[in-house]
Amino acid sequence: DQQVKQNSPSLSVQEGRISILNCDYTNSMFDYFLWYKKYPAEGPTFLISISSIKDKNEDGRFTVFLNKSAKHLSLHIVPSQPGDSAVYFCAASARSNYQLIWGAGTKLIIKP
Amino acid sequence: DAGITQSPRHKVTETGTPVTLRCHQTENHRYMYWYRQDPGHGLRLIHYSYGVKDTDKGEVSDGYSVSRSKTEDFLLTLESATSSQTSVYFCASSGHGTGSGGTGELFFGEGSRLTVL
């Protein structure tokens with residue numbers, strides 16, 4: 001049973017527009033959420049995170065929104081650029097637990 | 001960026017043979033992790049270490065063992081490889097644990113693609 005779900009395997013967005021990647025979770029004990037970005041033949045790299053005490057965190061073109069009641073978070077990329085084409089993973093952790101639980105990833109394709 | 005390297009990057013082996021994957025980090029990070037990535041599953045934790053000689057199991061530890069004799073090195077061993085262990089393996093390190101209170105940020109190696117025939 002997947003505790004972190006990314007229901008869209010892929011997403012195609014026009015360059016310059018907004019990309020919205022979604023992530024749902026089932027474990028109410030999760031209190032920290034992260035997004036990682038992965039290019040082919042490379043390891044994932046950290047992008048942005050959010051604590052459960054917040055509902056929004058922003059870093060340049062990237063904003064993560066957290067809706068605890070819906071157990072849903074989303075990553076917004078504005079404006080989308082060709083270099084944003086990658087696989088994006090959502091991950092979550094619970095207090096005092098060393099394990100990050102990962103979603104299956106969403107492949108973002110930015111069209112010129 | 002954390003300096004973290006994995007070896008070998010690619011390996012093809014036969015069922016029943018032992019395999020060891022190596023991870024080396026130069027950041028003096030306390031925590032190290034081994035993940036596997038399979039289509040449709042994201043990354044799944046195999047084992048992790050929270051210090052020299054201190055290791056624990058992750059969610060998919062069966063068939064794997066690890067050792068950490070030095071801060072910088074974390075070895076993953078498949079005692080007798082099976083076809084179900086065909087996967088891409090990622091090593092990661094962090095200065096803090098990934099639970100609440102730590103930054104949760106992991107630094108990953110480039111991955112090791114293992115094929116078991």
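Lettering follows sequence order; numbering is per chain, from 1.
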Task: Over 12 foreign heavy atoms within 6.0 Å of NZ, A:Lys68 - done: yes
Open item on the list: Centre-to-centre under 6.0 Å for B:Phe107 and B:His29, is that the case here?
Closed with: yes
- [ ] Please flag which part of B:Glu59 lies under 4.5 Å from any non-hydrogen atom of chain A: side chain, backbone, both or neither.
- [x] both
Task: Contact winner vs chain B - A:Ser51, A:Pro44, A:Gly105, heavy-atom pairs under 4.5 Å - done: A:Pro44
Open item on the list: If I measure from the heavy atoms of chain A, does B:Arg44 come under 4.5 Å with its side chain, its backbone, both, or neither?
Closed with: neither
TODO: Name the orientation class of the two ring planes belonging to B:Tyr48 and B:Tyr50 (parallel below 30°, tilted from 30 to 60°, perpendicular beyond 60°).
DONE: tilted
Open item on the list: Check A:Arg61 with A:Asp84, please: is the shortest side-chain N to carboxylate O separation under 4.0 Å?
Closed with: yes
